[in-house]
There are 2 protein chains.
Amino acid sequence: MSGTRRQAPNDPGRKDRILDATLEVVARDGVHGTTHRRIAAAAEVPLGSMTYYFDGMSDLLAQAFARLADTMSLQYRRMLEDAADTAEAETAVVDLICGQAYATHRELTLIFEMYAYANHHPEVRSTMHTWLLRSRESLGLHFPEHVCRALDALVEGWPMHRSFDDAPLDRDLVAATVHAVVTGLGGAAPAGRA
Amino acid sequence: MSGTRRQAPNDPGRKDRILDATLEVVARDGVHGTTHRRIAAAAEVPLGSMTYYFDGMSDLLAQAFARLADTMSLQYRRMLEDAADTAEAETAVVDLICGQAYATHRELTLIFEMYAYANHHPEVRSTMHTWLLRSRESLGLHFPEHVCRALDALVEGWPMHRSFDDAPLDRDLVAATVHAVVTGLGGAAPAGRA
DNA sequence: ACCAAGTGTGTACGCTTGTACAACCTTCGT
DNA sequence: ACGAAGGTTGTACAAGCGTACACACTTGGT
């Protein structure tokens with residue numbers, strides 16, 4: 001009457017360690033410099049584990065990126081959940097953009113890699129799409145739909161500039177812009193929409 | 001009295017054709033799937049030409065991406081030069097975002113690849129930086145500095161969403177957002193700046 | 001017509017890669 | 001205590017890679 005499972009894994013949690021190591025290598029060397037061997041070395045597991053736990057390189061990267069998307073989505077949502085009113089929500093959005101806690105340099109690098117990779121791998125592309133929807137949903141806790149779209153574009157685009165610009169982001173400018181979008185778009189959808 | 005040049009190239013313009021082919025392959029297979037052999041096939045030149053014209057793969061990609069940045073910068077600038085007043089400039093920005101003429105799907109894919117690659121290659125990173133400055137300069141033809149920064153973030157971020165969202169971009173919403181940013185930030189810099 | 005001199009190329013080599021798999025090891029039910 | 005079943009790994013291999021380079025070709029000056 002014992003279950004089908006005869007033996008527990010020798011090293012539970014190893015799969016997760018490999019996924020973490022994958023993101024580490026991708027952040028350091030880019031997808032184009034990521035190999036099974038480097039990941040194995042980073043995770044301190046034998047090479048054979050790569051094919052044992054994952055069905056090839058695409059599968060490995062797909063799962064690693066899914067993990068990244070999940071982590072980021074959760075942070076995103078939490079920051080907006082913690083806001084009590086619209087004013088605090090605006091501040092949260094500014095924080096997301098300025099990246100004190102949200103998108104560190106490492107994470108930004110990973111996001112770039114994921115974007116690029118997603119364009120050539122439908123499975124990752126769909127993960128990306130879900131992430132997008134989740135972000136919008138989080139913003140939706142405080143703002144109307146059309147404002148969410150505009151804000152999310154800012155949250156996406158501005159940190160990217162931060163990544164290639166020497167000058168640090170001007171927090172006051174970001175705050176002013178967010179405020180302009182929120183109040184400027186008003187409560188109603190723009191002309192031409194239902 | 002003849003110059004130092006003893007012989008003209010047999011096939012002038014081949015270097016450019018290789019660069020174009022490189023972008024073609026990168027757009028199709030991503031940087032991680034780009035090889036000398038595929039580029040050579042796409043450009044219909046022998047494999048030997050790769051090492052003859054370029055000093056390795058990094059050099060090749062760096063020059064190809066520089067070409068891309070140049071093309072895009074020029075389009076960007078032209079659209080803003082053609083605007084006669086601020087209202088037309090706003091429309092131009094909306095066009096840039098909605099991507100009728102500016103960032104096609106192919107170009108967007110290439111930009112993603114370049115972003116990702118730049119994070120691991122200082123030379124490309126600096127190309128990226130120059131591009132950023134040129135964009136801002138183009139916007140500067142019509143808008144004050146701080147507005148340029150906000151607008152450029154939108155031009156960057158929104159098309160990225162377009163790339164992963166099924167629903168087409170809502171032009172009216174984009175126009176309303178651009179207008180909100182331009183008028184909302186007003187003529188003066190936000191508090192806290194000189 | 002011919003000869004340098006520079007342009008262009010086919011091929012070969014050493015290396016790294018992804019992946020498979022036979023052998024080993026750990027655990028659990030008995 | 002022990003066998004069997006499934007978890008785990010070291011190693012091997014074929015494929016594909018970047019790169020170098022000896023050779024062939026094309027051209028311009030005379």
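Letters go in sequence order (proteins before strands), and every chain restarts at 1.
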Nearest-Å distance for atom pair [atom1]/[atom2], residues [X] and [N]:
| X | N | atom1 | atom2 | value |
| --- | --- | --- | --- | --- |
| Asp11(B) | dT7(C) | CG | C1' | 10 Å |
| Phe54(A) | dG18(C) | CZ | C1' | 15 Å |
| Leu61(B) | dG18(D) | CG | C1' | 13 Å |
| Met50(B) | dC17(D) | CE | P | 13 Å |

Practice task
Using a cut-off of 6.0 Å, state whether more than 12 heavy atoms not belonging to Asp16(B) lie near its atom CG.
Solution key: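 Enclosed.
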Handout entry: Over 12 foreign heavy atoms within 6.0 Å of CD, Glu123(A)
Key =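 No - once you tally the heavy atoms of other residues, nucleotides and ligands closer than 6.0 Å, there are 12 at most.
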Problem - With Asp70(B) via side chain to side chain contact (heavy atoms under 4.5 Å, CB included) - residues at least two apart - result: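 Per chain and number, Asp70(B) pairs via side chain to side chain contact (heavy atoms under 4.5 Å, CB included) with Arg134(B).
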Exercise for the section: Please tell me which of the listed nucleotides, dT19(D), dG18(C), dG8(C), lies nearest to the side chain of Thr35(A)? Expected result: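 Nucleotide nearest to Thr35(A)'s side chain: dG18(C).
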Handout entry: Residue-level proximity of residues 13-28 of chain B to DNA chain C when a heavy atom falls under 4.0 Å
Key =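 Arg14(B), in order of number.
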Practice task
Please state whether the base of dG18(C) and the side chain of Arg37(A) form at least one donor-acceptor pair under 3.5 Å?
Solution key: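 Such a pair exists between side chain and base.
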Problem - Ala27(B) backbone acceptor or donor facing Arg106(B) side chain under 3.5 Å - result: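 Pair absent, no side-chain N/O of Arg106(B) close to backbone of Ala27(B).
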Practice task
Output yes when at least one side-chain N/O atom of Ser49(B) is less than 4.0 Å from OP1 or OP2 of dG8(C), else no.
Solution key: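 The answer is no; no side-chain N or O of Ser49(B) sits under 4.0 Å from OP1 or OP2.
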Exercise for the section: Compare side-chain N and O positions of Tyr52(B) against OP1 and OP2 of dT9(C) and report whether any pair is under 4.0 Å apart. Expected result: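 Indeed not, no polar side-chain atom of Tyr52(B) lies that close.
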Handout entry: Letter per nucleotide, 5' to 3', of nucleotides 20-26 of chain D [B base touched, S only sugar-phosphate touched, - untouched; heavy atoms, 4.0 Å]
Key = B-----B
